[in-house]
Amino acid sequence: TDNETGRIKNNIEKRLALNKVGHGLHLQDSVFKEYSHSNKMKSLVRSLGLTSAVVPQSMYIFKQPFHGGEITSLQHSTF
């Protein structure tokens, strides 16, 4: 998008401009909610020793060709 207007630049297809969808899909979408709160996930979290874990965000991230660099794992709390 154009930083000044927030609109998609003329030379970019809409489908290639998409970056992220949602941040609370586990709150709005039944499939995300079911997966995020499943016994399998609860078991995994407990096995990691976490006792009061929450689901802060859930989203789709679309990695578009020719845009940005490699997406590596990160921890938002370090920013």
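All values below come from the heavy atoms of this structure, side chains included, with hydrogens, waters and symmetry mates left out. One is the number of the first residue; the rest follow in order along the sequence.
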Considering non-hydrogen atoms only, spot the tightest contact between P56 and V54 and give its length.
-> CD-O, 3.1 Å
Residue pairs passing the side-chain hydrogen bond (donor to acceptor under 3.5 Å, both in side chains) test with at least one member in residues 29-55, sequence neighbours excluded, are none
For L27, which residues count as a side chain to side chain contact (heavy atoms under 4.5 Å, CB included) partner, sequence neighbours excluded?
-> none
Under the ring pair (Phe, Tyr, Trp, His ring centres under 6.0 Å) test, residues paired with Y60 that sit two or more places apart = F32
Walk me through it: do L16 and F62 pass the test side chain to side chain contact (heavy atoms under 4.5 Å, CB included)?
-> CA-CA 9 Å; L16 295 177; F62 298 87; over 6 Å; no
Atom pair CG/CD1 of L18 and I61 - distance to nearest 0.5 Å | 11.0 Å
How about N10: does its CG atom have over 12 heavy atoms from other parts shown lying under 6.0 Å from it?
-> no
Provide the closest heavy-atom pair for M59 versus L25 in the form atom of the first, atom of the second, distance.
-> CA-CD1, 3.7 Å
Just by modelled atom types, is the G24 backbone N or O under 3.5 Å from a matching donor or acceptor in the S58 side chain?
-> no
Heavy-atom closest pair, residues I8 and K14 = CD1-CG, 3.7 Å
